[in-house]
Amino acid sequence: MDPRGYVYAMAGEYGYQRSNNPTRATAEAALANVEGAEFAFAYTKGMAATAAALEIVRPGQTVVFCDQLYGGTYVLADEIMARRGIDIVDADYLNEWTAADLPDNLGAILIESPTNPGLRIIDIEHAANLAHSAGAYLFVDNTFCTAYLQRPLELGADAKWATRYRPSTPHPSCAA
């Protein structure tokens with residue numbers, strides 16, 4: 001029994017269909033395989049995946065954003081992360097940054113490559129090296145490329161996500 005009084009003992013591994021079910025587990029395993037990842041999580045929206053990844057950043061730390069991200073990411077930063085005491089630094093031309101440009105309290109670097117809306121290419125391996133040199137994470141929003149075209153985890157990203165719509169999923173609001 002969980003704290004809310006629900007009893008799942010009879011339901012087994014898939015006690016509540018919205019949080020876990022055989023179809024979702026199969027999709028997550030397939031995504032992990034395609035991405036070369038240890039595991040994967042499926043979310044209904046890309047912003048849910050973004051928010052989940054950024055939960056690892058602690059109050060007092062800073063997240064560096066590449067110069068162009070999906071607009072909703074800035075809303076997340078302004079309305080949620082700021083209240084948690086997390087600072088955001090916008091990085092124009094992150095490809096030109098060195099370790100000396102990073103804030104002392106770096107928790108993560110968040111990039112999108114290609115960027116939305118400008119389609120700039122961020123050097124994922126360079127961004128990973130920067131983040132890791134400061135003991136931080138590199139997160140990649142990889143919505144505009146598939147694993148066939150770009151493999152952020154192999155280039156050093158700690159986590160990546162992509163909102164997949166019509167071409168690769170049966171429903172336009174599927175993110176992984």
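Computed from a predicted model, the values in this text were never measured in an experiment.
At a threshold of 4.0 Å, the pair Glu55-Arg84 counts as salt-bridged, since one of the basic side-chain nitrogens sits closer than that to a carboxylate oxygen. Ion pair Glu35/Arg151 not flagged as a salt bridge, since none of the NZ, NE, NH1 or NH2 atoms sits closer than 4.0 Å to an Asp/Glu carboxylate oxygen. Remark: Glu28 engages Arg24 in a salt bridge, criterion side-chain N to carboxylate O under 4.0 Å.
Val75 is not connected to Met47 by any chain of hydrophobic side-chain contacts under 4.5 Å among Ile, Leu, Val, Met, Phe, Trp and Tyr, and they are in different clusters. Cluster membership for Phe39 and Tyr43, using ILVMFWY side-chain heavy atoms within less than 4.5 angstrom, is shared. Criterion: ILVMFWY side-chain heavy atoms under 4.5 Å apart, direct or through other members. Under it, Ile86 and Ile56 are part of a common hydrophobic cluster. Hydrophobic clustering places Leu110 together with Tyr70 (ILVMFWY residues linked when any side-chain heavy atoms are closer than 4.5 Å, directly or through intermediates).
Ring-plane geometry between Trp161 and Phe139 is classed as tilted, the angle between the planes lying from 30 to 60 degrees on a 0 to 90 degree scale.
Between the side chain of Thr115 and the backbone N or O of Pro117 there is no donor-acceptor pair closer than 3.5 Å. No donor-acceptor pair closer than 3.5 Å links the side chain of Gln61 to the backbone N or O of Asn105. Under a 3.5 Å cut-off, the side chain of His126 and the backbone N or O of Trp97 do form a donor-acceptor pair. When atom types are taken as modelled, the side chain of Asp101 and the backbone of Thr98 share a donor-acceptor pair closer than 3.5 angstrom. A distance-only check finds no donor-acceptor pair linking the side chain of Thr163 to the backbone of Thr143 [under 3.5 Å]. Remark: side-chain polar atoms of Asn95 are not paired, donor with acceptor, to backbone N or O of Ile122 under 3.5 angstrom.
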Query - Stepwise side-chain contact (heavy atoms from CB on, under 4.5 Å) test for Ile111 and Phe65 - result: CA-CA 6 Å; Ile111 67 171; Phe65 281 3; over 6 Å; no

Query raised in the report: Which is it for Leu106 and Val64 under the side-chain contact (heavy atoms from CB on, under 4.5 Å) test, yes or no, and what are the steps along the way?
Result: CA-CA 8 Å; Leu106 183 66; Val64 172; 3.6 Å; yes

Requested in this report: Applying side-chain contact (heavy atoms from CB on, under 4.5 Å), run through Ile124 and Gln150 and close with a yes or a no.
Outcome: CA-CA 10 Å; Ile124 296 171; Gln150 191 176 64; 3.6 Å; yes

**Report entry** side-chain contact (heavy atoms from CB on, under 4.5 Å) between Val63 and Ile109, intermediate numbers included
**Finding:** CA-CA 6 Å; Val63 177; Ile109 295 175; over 6 Å; no

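The two residues Ala40 and Leu31 have their closest heavy-atom pair at CB-CB, 4.0 Å. In plain terms, the two heavy atoms of Ala157 and Ala128 that are nearest each other are N-CB, 4.3 Å.
From Ile121, atom CD1 reaches atom OG of Ser113 across 4.5 Å, with rounding to the nearest 0.5 Å. The distance from atom NE2 of His132 to atom OH of Tyr137, rounded to the nearest 0.5 Å, is 9.0 Å. Atoms CG and CD, from Leu69 and Glu112 in turn, are 6.0 Å apart once rounded to the nearest 0.5 Å. Separation of atoms CG (Leu153) and CD (Glu38) is listed at 11.0 Å; rounding is to 0.5 Å. Between Leu138 atom CG and Leu130 atom CG the span is 9.0 Å, to the nearest 0.5 Å. Considering CD of Glu125 and CG of Leu155, their distance stands at 6.0 Å, rounded to 0.5 Å.
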